[in-house]
Amino acid sequence: MSIQRGNFLISGDGRYYRVVECTKDAISLMRVNGYTLFSCRPNFVEVSFRLVEASEVA
């Protein structure tokens with residue numbers, strides 16, 4: 001998965017997140033319509049989220 005700043009992702013529980021920062025060591029995500037902001041390793045994001053189109057985000 002090629003993750004870039006501005007991408008939208010969906011988690012396994014159906015919550016949407018936007019990538020706000022992306023480096024080779026960490027990816028920072030902010031929950032859409034929420035305040036949750038967290039960073040994690042790229043390999044965690046790849047197994048826990050999938051990319052979605054902006055038009056799919058409610």
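The first residue of the sequence shown is numbered 1, and numbering continues consecutively from there.
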> Which one of Ile27, Leu29, Val32, Val57 satisfies the side-chain contact (heavy atoms from CB on, under 4.5 Å) criterion with Leu9?
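One option only clears the test, and that one is Leu29.
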
> Does Val52 form a side-chain contact (heavy atoms from CB on, under 4.5 Å) with Tyr16? I'd like the steps, not just the answer.
CA-CA 9 Å; Val52 295; Tyr16 291 93; 4.0 Å; yes

> Just wondering, do Ile3 and Pro42 contact through their side chains at under 4.5 Å, heavy atoms?
no

> With rounding to the nearest 0.5 Å, note down the distance linking CE in Met30 to CZ in Phe38.
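One gets 11.5 Å once the value is rounded to the nearest 0.5 Å.
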
> How long is the straight-line distance from CD of Gln4 back to CG of Leu51, given to the nearest 0.5 Å?
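If I round to the nearest 0.5 Å, the distance is 9.0 Å.
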
> Using distance only, find each side-chain donor-acceptor pair of residues 17-25 under 3.5 Å and give its atom names and separation, not counting sequence neighbours.
unit_1, atom_1, unit_2, atom_2, d
Thr23, OG1, Asp25, N, 3.3
Thr23, OG1, Ala26, N, 3.1
Thr23, OG1, Ala26, O, 3.2

> Working to the nearest 0.5 Å, report the span between CD1 of Ile10 and CD of Glu53.
12.5 Å

> What is the distance from atom OG1 of Thr36 to atom CZ of Arg15, rounded to the nearest 0.5 Å?
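Those atoms lie 7.5 Å apart.
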
> Quick one: pull up OG in Ser48 and CZ in Arg41 and give me the separation to the nearest 0.5 Å.
14.0 Å

> Could you grab the distance from atom CZ of Phe49 to atom SG of Cys40, nearest 0.5 Å is fine?
6.0 Å

